[in-house]
Amino acid sequence: MSDGATYTDPTVHAVGAEELLAHIAGIQSKYPGACILRTSNVDVHNGVARFAWKFVMPDGSSLPEGLDIAFLDEEQKRITRIIGFFGLLKPARSLAEGGVS
């Protein structure tokens, strides 16, 4: 991660590696033995990466899957910002239901 990189999800906004590591430690203390597994390849283009993941409990059950989007520096070597989303994307409504095309 680059100096001053941020991580934001619906529950936290962490600035820098220390704040992010403290957030992760807090989650680990709430769910001993749980882990996060990446469930997709990492797609990268134009300085942006994305990947899917799930939070797996020790008994094998899991919370809703998530998606992280990471922004990379100009050399595409260091993360400058991560935005995390919880849960799967909701399907779009059809045009007949007032959705968009």
Side-chain angles (χ1 to χ4, degrees):
M1 289 183 71
S2 63
D3 294 336
T6 61
Y7 171 83
T8 306
D9 70 29
T11 67
V12 69
H13 177 74
V15 179
E18 284 187 31
E19 285 186 22
L20 177 56
L21 291 173
H23 172 65
I24 292 168
I27 298 296
Q28 289 174 326
S29 71
K30 288 181 187 175
Y31 301 99
C35 65
I36 294 177
L37 298 176
R38 190 165 41 87
T39 59
S40 74
N41 288 326
V42 178
D43 293 328
V44 181
H45 70 81
N46 296 310
V48 181
R50 69 174 179 170
F51 61 93
W53 53 266
K54 68 179 177 179
F55 192 86
V56 181
M57 304 303 242
D59 67 2
S61 65
S62 62
L63 299 177
E65 293 190 26
L67 174 76
D68 280 6
I69 299 171
F71 297 84
L72 307 172
D73 65 8
E74 289 183 17
E75 293 83 33
Q76 296 195 37
K77 294 183 188 246
R78 298 179 79 187
I79 295 170
T80 61
R81 181 178 183 199
I82 301 171
I83 301 173
F85 292 86
F86 301 155
L88 297 175
L89 293 172
K90 294 181 175 119
R93 296 184 325 209
S94 71
L95 289 175
E97 299 170 313
V100 295
S101 60

In Å and rounded to the nearest 0.5 Å, what is the [atom1] to [atom2] distance from [X] to [Y]?
X: Phe86; Y: Trp53; atom1: CZ; atom2: CH2; result: 5.0 Å
X: Ser2; Y: Glu74; atom1: OG; atom2: CD; result: 11.5 Å
X: Asn41; Y: Arg50; atom1: CG; atom2: CZ; result: 10.5 Å
X: Asp9; Y: Leu67; atom1: CG; atom2: CG; result: 12.0 Å
X: Asp68; Y: Arg38; atom1: CG; atom2: CZ; result: 11.5 Å

Under 4.5 Å between side-chain heavy atoms, counting indirect links through other Ile/Leu/Val/Met/Phe/Trp/Tyr residues: same cluster for [X] and [Y] or not?
X: Leu37; Y: Met57; value: no
X: Leu20; Y: Tyr31; value: yes
X: Val12; Y: Val15; value: no
X: Ile82; Y: Phe55; value: yes
X: Ile27; Y: Phe51; value: yes

>> Taking atom NE2 as the centre, does His13 end up with more than 12 heavy-atom neighbours from other residues, nucleotides or ligands that are less than 6.0 angstrom away?
In response: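 More than 12 heavy atoms, drawn from other residues, nucleotides or ligands, come within 6.0 Å of this atom.
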
[X] versus [Y], closest heavy-atom pair with distance:
X: Asp3; Y: Arg78; value: N-NH2, 4.0 Å
X: Pro32; Y: Pro58; value: O-CG, 3.2 Å
X: Ala52; Y: Ser40; value: N-OG, 2.8 Å

Would you indicate whether the side-chain heavy atoms of [Y] and [X] approach each other to under 4.5 Å?
X: Ile79; Y: Tyr7; result: no
X: Glu19; Y: Thr6; result: no
X: His23; Y: Thr11; result: yes

Just one of Ile69, Asp43, Leu72 clears the side chain to side chain contact (heavy atoms under 4.5 Å, CB included) bar with Val48, so which one?
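The side chain to side chain contact (heavy atoms under 4.5 Å, CB included) with Val48 is passed solely by Ile69 among Ile69, Asp43, Leu72.
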
Between the main-chain N or O of Phe71 and the side-chain N or O of Thr80, is there a donor-acceptor pair closer than 3.5 Å?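 Answer holds: yes.
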
